[in-house]
Amino acid sequence: QLMWIDPENRCVRLSVGELANFRNQPDASRVGYNRWRAEVGQQWHRIAEEQARTKFPSAEFERTVQAQWLYEGWTLKIQGRVDQILPAPGGIRIIEVKTIRDTVPIREEELATRYPEYFAQTAIYLSILKKLPAFKTGKITAEIHFIEIDSGTVQRVLLEESDEARFETQLLKLLPYLEDRRSCRINFKQSHLRSPFEELREGQQEAANDLEAAALQAKTVLFEAPTGFGKTGILLGHTLQLMQAGHFDRCIYLTSKSTGQLETVRQLQDMTGGSLRFLQMRSRIEHQIDNLRHRCSDGRTCDDALTSQYTEEEVFPGGLFQAGTFPLERAKELGNETGICPYALTRSCLPYADLWIADYNYVFNPDSRHIFFDCPGFDPKKTCLIIDEAHNLPSRVSDALGVKIRSHELSFAAEELRSAGAPRRLVRQYQIFAEQIDRSSDGQALSDQQFYEVLDNAEEITRELKTAGFNSTEILPSVLDIIWSIPRLLDAMNCRTADWLFWAPSAGTMAASCLNSGPWIDRCLNPFATRYLMSGTLEPVGSTMTECLLDPKSTAMVFGHAKWRDEAYDLAIDTRVD
């Protein structure tokens, strides 16, 4: 992700791929499938490069190009890498190599309909190269080489002059987003922020002052104060002031419970009065609707016709916000009216919101974090991260990293693979894995022999998945998740053994339980500009820092002291204890 926007100076930096793919709707692709697709695509790219190098020794590959483009008062700094630049009579020929699942050849008009982003990307490269002095020595032509991912069959498509207009089309799509970001930024900077409290109580101003001082000396700030102290209001007030001053482009507020999110929404509405756009990212299940126009299922049919639905209904996500937000109820109401999946509507609003409120999973779950990290315009280096109830973070992340595989689900996945045309060898390996799970002892850790048997089979399945051809579009997303749980299990088995427990929690179930989530927490926290971890129970602080792998040299501690609570009660019962 390269996209970075300076709204006030009308400047944007982005990659060719981001510009070619930009559209005001979410991407419906699946994580596991993307990972497999990328690895297979890289293999075909290498083969295509070797073939071209043999034929054209002077050819260039993965050539980085940069250009500055002026458009409607905006300065676009565009960067990308051209797959191949080959010599041609009277000039050069650029080639973009793309892997697809479809059986080629296909009519070129149909290819342009199915893969408009590939044609747009090639057209952008062609327009950029024609403007660069280094390439003004001759004629430039462009081609797209579509490689059928299963067989390696290649279909070559020459870009026509009319295709060059796709660059302009993408700029037209991007412009409303840029103008929206500019108007929102200016509106927020000129707005008046209200205090989170009508009257400050003892200790609150001191905590606010300490937060300011701590943020200047450390990237990570631990904020502990008792329940009822007003931590959320104090930290939101502190963060909003920093955003208004331009220190951050965005803030992400994570909680472990949806009840905490609702209180945060209320406080934001009171403090900003609608001058700041914020979005509460609820789960797909909470967004579900069921009517004649749309029936939410497991995610496959929800995303089938997203592009056409958005075009037909002329949905502009920036226009969906009311009083600074796009609530769940409005998403479901609009979904009922238009037939567009409410979850897709909410996701399409993410790039237009400056503050995201969500569950831990959207940053720390490997299967969910792409929803935030692939969002256009999101840059963690310009983002403040707030983690509420941070004492729950290590256990929640361990749960997210864990893998649980059931034998009957694997058997079902094997049959789905068979129906989708997967090789018999791959189908059989999933069946063998199910049999291995059934042989494990209920409630016991895997023996060394069982561990290495499972490891061998997981390695075989993962290798096979990278090269095996099958029609993944015929497989339910929930089953694809089961299929891709084996490579996830392999990742865990290749980690340090002391950090994981491999066992059978019940009959017919195998699990990899993460015992040390610290390295992953550190990896997730590290890209953010500033991180605030707050809770009423962070002590012992040393234990919290160890569990989250925080660096003491770049971590500051702020305590909120509430003397007024001393006589507030005689007995407190912690109902979280089991």
Side-chain angles (χ1 to χ4, degrees), residues 1-2 14-22 34-69 77-108 110-112 114-167 169-170 466-467:
Q1 289 285 102
L2 276 174
L14 75 169
S15 70
V16 172
E18 286 173 317
L19 179 56
N21 282 280
F22 186 85
N34 280 350
R35 172 181 171 181
W36 166 80
R37 172 78 173 271
E39 292 188 14
V40 178
Q42 289 168 5
Q43 293 176 11
W44 284 120
H45 269 72
R46 286 192 292 269
I47 293 171
E49 180 179 326
E50 291 168 4
Q51 293 172 342
R53 196 184 298 276
T54 301
K55 193 172 182 180
F56 303 99
S58 62
E60 293 185 77
F61 303 93
E62 300 292 330
R63 168 71 181 265
T64 299
V65 294
Q66 301 179 57
Q68 188 163 293
W69 208 273
K77 298 179 180 180
I78 309 172
Q79 178 179 316
R81 288 189 299 178
V82 183
D83 285 343
Q84 299 181 9
I85 302 179
L86 309 181
I92 60 171
R93 176 166 48 116
I94 66 173
I95 295 174
E96 282 298 294
V97 179
K98 303 298 180 184
T99 53
I100 61 174
R101 294 234 33 106
D102 303 292
T103 302
V104 297
I106 302 172
R107 287 190 310 111
E108 292 185 10
E110 181 65 23
L111 280 172
R114 294 187 194 181
Y115 305 103
E117 67 276 13
Y118 295 161
F119 284 81
Q121 184 173 346
T122 310
I124 295 168
Y125 279 128
L126 184 58
S127 299
I128 287 176
L129 264 62
K130 285 183 176 181
K131 295 291 185 182
L132 295 178
F135 297 96
K136 284 190 175 180
T137 56
K139 183 180 179 182
I140 304 176
T141 59
E143 293 181 11
I144 309 174
H145 288 188
F146 289 95
I147 301 179
E148 186 183 327
I149 211 164
D150 296 334
S151 65
T153 306
V154 181
Q155 180 175 349
R156 296 171 173 82
V157 178
L158 178 67
L159 235 63
E160 305 291 342
E161 285 189 17
S162 59
D163 287 317
E164 294 186 47
R166 294 176 182 274
F167 184 15
T169 300
Q170 290 306 113
K466 292 178 182 179
T467 56

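Atoms considered below: every heavy atom in the structure, side chains included; atoms not considered: hydrogens, waters and symmetry mates. Since the structure is predicted, the reported quantities are computational estimates derived from the model, not experimental observations.
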Practice task
Please report the C-alpha distance between Ile95 and Ile144 in whole Å, then the side-chain angles of each, then the deciding distance to 0.1 Å, and finally whether the side chain to side chain contact (heavy atoms under 4.5 Å, CB included) criterion is met.
Solution key: CA-CA 6 Å; Ile95 295 174; Ile144 309 174; over 6 Å; no
Practice task
For Glu143 and Glu96, indicate whether the former's side chain and the latter's backbone hold a donor-acceptor pair under 3.5 Å.
Solution key: no
Problem - ring pair (Phe, Tyr, Trp, His ring centres under 6.0 Å) involving Phe167 - partner list, sequence neighbours excluded - result: Trp69
Handout entry: Lys/Arg N to Asp/Glu carboxylate O, Arg114 vs Glu110, below 4.0 Å
Key = yes
Problem - Side chain Gln170, main chain Phe22, donor-acceptor under 3.5 Å - result: yes
Practice task
Take Val154 and Val104 through the test side chain to side chain contact (heavy atoms under 4.5 Å, CB included) and record every step on the way to the result.
Solution key: CA-CA 7 Å; Val154 181; Val104 297; over 6 Å; no
Fill in the blank from the handout: Only one of Ile100, Val97, Leu111 passes side chain to side chain contact (heavy atoms under 4.5 Å, CB included) with Tyr118, and that residue is Ile100
Completion exercise
For Phe119 and Val157 the tightest heavy-atom approach is CE2-CG1, 3.9 Å
Handout entry: Inter-residue atom distance Ile94.CD1 - Ile92.CD1, 0.5 Å rounding
Key = 7.0 Å
Practice task
Taking the side chain as every heavy atom from C-beta outward, state whether Gln79 and Ser15 have any pair of such atoms under 4.5 Å apart.
Solution key: no
Exercise for the section: May I have the step-by-step check of side chain to side chain contact (heavy atoms under 4.5 Å, CB included) for Ile147 and Thr153, ending in yes or no? Expected result: CA-CA 6 Å; Ile147 301 179; Thr153 306; over 6 Å; no
Handout entry: Partner residues of Phe61 under the ring pair (Phe, Tyr, Trp, His ring centres under 6.0 Å) criterion, sequence neighbours left out
Key = none
Handout entry: Pairwise distance OG1(Thr54) to CD(Glu49) - rounded to 0.5 angstrom
Key = 10.0 Å
Fill in the blank from the handout: Those residues at least two apart in sequence (or on a different chain) that pass side chain to side chain donor-acceptor pair (under 3.5 Å) with Glu164 are Lys130
Handout entry: Spacing of OG belonging to Ser58 relative to CZ belonging to Phe56, to within rounding of 0.5 Å
Key = 8.5 Å
Practice task
Would you give the length of the straight line joining atom CD1 of Ile106 to atom CD of Gln155, rounded to the nearest 0.5 angstrom?
Solution key: 6.5 Å
Practice task
Would you give the length of the straight line joining atom CZ of Phe146 to atom OG1 of Thr99, rounded to the nearest 0.5 angstrom?
Solution key: 10.5 Å
Practice task
State plainly whether the residues Glu50 and Arg53 are in salt-bridge range, i.e. N to O under 4.0 Å.
Solution key: no
Handout entry: Asn21 side-chain N/O to Gly17 backbone N/O, donor-acceptor pair under 3.5 Å
Key = yes
Practice task
Could you tell me which non-hydrogen atom of Leu86 sits nearest to which non-hydrogen atom of Ala52, and how far apart they are?
Solution key: CD2-CB, 4.2 Å
Exercise for the section: Decide yes or no for Ile128 and Val16: does some side-chain heavy atom of the first lie under 4.5 Å from some side-chain heavy atom of the second? Expected result: yes
Problem - Glu161 CD: over 12 foreign heavy atoms closer than 6.0 Å - result: no
Handout entry: Shortest non-hydrogen separation from Glu117 to Ala20 and the atoms involved
Key = O-CB, 3.6 Å
Problem - Interatomic distance, Gln68 atom CD to Lys131 atom NZ [nearest 0.5 angstrom] - result: 14.0 Å
Problem - Within-4.5 Å side-chain heavy-atom neighbours: Lys98 and Gln121 - result: yes
Exercise for the section: Quick one: do Lys139 and Thr141 satisfy side chain to side chain contact (heavy atoms under 4.5 Å, CB included)? Show the steps, please. Expected result: CA-CA 7 Å; Lys139 183 180 179 182; Thr141 59; 3.8 Å; yes
